[in-house]
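Along the sequence shown, the residues carry numbers beginning at 1. Computed over heavy atoms, backbone and side chain alike; hydrogens, waters and symmetry mates excluded.
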Amino acid sequence: MVYGSRVGDGTPGAAATGASDGAPVGGASVDDRLDAVFAALAHPARRELVRTLARADAPLTMGRAAAAHGLSPQLLNKHAAALERAGVVRRVPRGREKLLVLDAASLAAAQQWIGDARAFWERRFDALDQYIADLEDEPA
């Protein structure tokens, strides 16, 4: 279900767009970026990798991340590439190694969208609760 994407229309997604006309920002629309983030996070191994990076005191090397998750280097590379395309992580060269660095900005946009959707539905359910309470208070 689409909740809306124009700023100020009162629907989830309104605050997350950052542009009043939904125009692409940075080469991709907000909806495209959110789609990429949610698609990347749809895989449990990728969500676990993001959790690990979020809890880590420092970026992890690809080798250390692969070992921590019991993944082959090739499979970790595939998952890291999907997260990188979505802007969730960056792979930063350090000598012969590559570090995985969490980029929380894309996650913040997804969190904002989820918060907007939650607020939208809470308002709707509150209105429904009030409607039911009003019906119950009416004399028969």
Do [X] and [Y] touch side chain to side chain, with heavy atoms closer than 4.5 Å?
X     : Y      : value
Phe38 : Ile114 : yes
His43 : Arg47  : no
Arg94 : Thr61  : yes
Val89 : Asp103 : no

| task | Give a yes or no on whether Arg64 atom CZ has more than 12 heavy-atom contacts from other residues, nucleotides or ligands under 6.0 Å away. | result |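 Open.
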| message | Surrounding CD of Gln111 (heavy atoms of other residues, nucleotides or ligands, distance under 6.0 Å), is the total greater than 12? | response |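 Result for CD/Gln111: open.
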| said: Salt bridge check, Arg90 against Glu84: does any charged N sit closer than 4.0 Å to a carboxylate O? | reply: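 Salt bridge between Glu84 and Arg90, a charged N being under 4.0 Å from a carboxylate O: no.
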Single-linkage hydrophobic cluster, 4.5 Å side-chain cutoff, [X] and [Y] together:
X      : Y      : answer
Leu100 : Leu75  : yes
Trp113 : Leu107 : no
Leu34  : Leu41  : no
Leu99  : Met62  : no

| task | Please check if any side-chain donor atom of Gln130 sits under 3.5 Å from a side-chain acceptor atom of Asp134, or the reverse. | result |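 Checked: Gln130/Asp134 side chains pair up, N/O donor to acceptor below 3.5 Å.
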| Considering all heavy atoms of both residues, which atom of Ala45 and which atom of His79 are nearest to each other, and what is their separation? |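 Smallest interatomic distance, heavy atoms only, reads CB-NE2, 3.9 Å.
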| Taking all atoms of both residues into account, what is the closest heavy-atom pair of Ala39 and Arg46, and its distance? |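 For Ala39 versus Arg46, the nearest heavy atoms are O-NH1, 3.9 Å.
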| message | Donor-acceptor check, side chain of His69 to backbone of Leu71, threshold 3.5 angstrom: yes or no? | response |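 Answer holds: no.
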| request: With side-chain contact (heavy atoms from CB on, under 4.5 Å) as the test, would you mind laying out the steps for Val88 and Leu53 before giving the verdict? | output: CA-CA 10 Å; Val88 176; Leu53 290 170; over 6 Å; no
